[in-house]
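One structure is given below, encoded as structure tokens.
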Amino acid sequence: MKMIEQIELKSGLSPNKIWFTSDTHFFHDKVVEYCQRPFASVEEMNEELIARWNSVVHRDGIVFHLGDFCFGKPDNWNYILDRLKGRIFLVLGNHDTRHINEEIASRFECVAIQMRLHVNGQKIYLHHFPFLSYGGDNHGTWQLFGHIHSNQQESNIIDKHRLSMLLPSQYDVGVDNNNYTPVSYRQVEEIIKKRKP
């Protein structure tokens, strides 16, 4: 499968039509237990994540998924992709590379290791992992990420002790941190604005 190392999108991105998410882990039966997700089964989780996604994302919306999208065979991926609204750009997570193939990759607008966006003059760097240095904070660039499965209670975060190192311009867009729902550009903008001195 051919992957793009990096893509930079500078035009045609309306701030009112953009959402971010990460770490949906569709069909990953152990993530419910690992992350203490409030679902009785992986099937219930899949259905609820799909419902919450479709409740906020418009058909003409753009979703940047920052990795760990789905587990299992292509049928699993197709089942999920057939039901989600919006055009989806996938930034690969550590689990995706084991499960994605060329057929599935072609269902996304783009599959890349990292992405850089320009939305309404705002520079945004997207990667599955948070970085201490991403060439941005002192220049006003946001870094959006997933992977760490942070949550509002901070009860089951593997890297909890490292959260204090994050910069005000970094934000975990993962579902565990955002009520199992994609977060809009406007929501991220508001969150980061409140943190900045």
Side-chain angles (χ1 to χ4, degrees), residues 3-9 13 15 18-26 28 30-32 34-37 49 52-53 62-71 88-100 108 110-120 122-197:
M3 286 182 284
I4 298 171
E5 172 69 27
Q6 175 176 300
I7 185 169
E8 188 160 354
L9 301 173
L13 296 176
I18 295 174
W19 285 264
F20 304 96
T21 194
S22 185
D23 298 283
T24 44
H25 285 253
F26 290 112
H28 182 190
K30 297 202 184 305
V31 79
V32 174
Y34 291 162
C35 295
Q36 300 173 4
R37 290 185 177 179
L49 291 176
R52 292 185 190 206
W53 177 304
I62 296 173
V63 180
F64 292 95
H65 192 294
L66 276 55
D68 291 355
F69 181 82
C70 187
F71 277 48
I88 307 169
F89 289 75
L90 178 63
V91 173
L92 290 169
N94 53 299
H95 291 289
D96 295 318
T97 54
R98 285 184 273 166
H99 299 280
I100 197 169
F108 293 92
C110 173
V111 175
I113 295 168
Q114 59 188 344
M115 293 186 191
R116 293 183 185 277
L117 312 177
H118 294 255
V119 181
N120 231 22
Q122 176 61 56
K123 291 186 271 182
I124 308 169
Y125 174 63
L126 307 178
H127 199 283
H128 182 62
F129 302 105
F131 289 120
L132 186 58
S133 175
Y134 57 93
D137 186 57
N138 57 336
H139 300 292
T141 301
W142 301 345
Q143 194 225 339
L144 306 183
F145 60 88
H147 183 67
I148 63 172
H149 294 268
S150 64
N151 59 50
Q152 300 305 314
Q153 294 77 37
E154 296 186 5
S155 58
N156 190 31
I157 304 170
I158 296 167
D159 291 325
K160 183 177 180 178
H161 65 287
R162 296 182 186 175
L163 291 177
S164 62
M165 296 179 184
L166 294 176
L167 301 167
S169 56
Q170 292 178 285
Y171 186 68
D172 178 2
V173 298
V175 294
D176 299 284
N177 194 41
N178 295 287
N179 199 30
Y180 307 99
T181 309
V183 61
S184 71
Y185 171 86
R186 294 296 188 197
Q187 288 171 295
V188 173
E189 181 179 49
E190 190 62 31
I191 288 164
I192 290 177
K193 199 180 290 183
K194 285 179 181 173
R195 291 175 172 178
K196 294 286 247 183

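- One distance of note links CG of Asp176 with NE2 of His25; it measures 8.0 Å at 0.5 Å rounding.
- Among all heavy-atom pairs drawn from Gly67 and Ser22, the shortest one is O-OG, 3.4 Å.
- In terms of heavy atoms, Thr141 sits closest to Tyr125 at CG2-N, 3.9 Å.
- Using a distance-only test at 3.5 Å, with no hydrogens or angles considered, a donor-acceptor pair links the side chain of Asp172 to the main chain of Gly174.
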Chi angles and distances behind the ring pair (Phe, Tyr, Trp, His ring centres under 6.0 Å) call for Phe129, Phe145
CA-CA 5 Å; Phe129 302 105; Phe145 60 88; 9.9 Å; no

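- None of Thr24, Asp23, Thr21 except one satisfies the side chain to side chain donor-acceptor pair (under 3.5 Å) rule with His65; the exception is Thr24.
- Rounded to the nearest 0.5 Å, atoms CG (Asn178) and CD1 (Ile191) are 6.5 Å apart.
- For the pair Tyr185 and Ile124, the minimum side-chain heavy-atom distance is below 4.5 Å.
- The residue from Asp96, Leu90, Asn94 that alone fulfils the side chain to side chain contact (heavy atoms under 4.5 Å, CB included) condition with His128 is Asn94.
- The six-membered or imidazole ring of Phe20 lies away from that of Tyr171, with a centre-to-centre distance of 6.0 Å or more.
- The shortest side-chain heavy-atom distance between Pro15 and Glu189 does not fall under the 4.5 Å cut-off.
- Heavy atoms only, all atoms of each residue included: Pro182 and Trp53 are closest at CD-CA, 3.7 Å.
- Between Gln143 and the choices His127, Gln170, Lys123, the side chain to side chain donor-acceptor pair (under 3.5 Å) rule is met once, by Gln170.
- Counting all heavy atoms, side chain and backbone alike, Val173 lies closest to Leu66 at CG2-CD2, 3.9 Å.
- Using a 30° and 60° split on the angle between ring planes, His95 and Phe71 fall in the tilted class, from 30° to 60°.
- With Gln122 contributing its side chain and Val119 its backbone, the two residues share no donor-acceptor pair below 3.5 Å.
- Listed here is the closest heavy atom pair of Gly146 and Pro130: O-CD, 4.0 Å.
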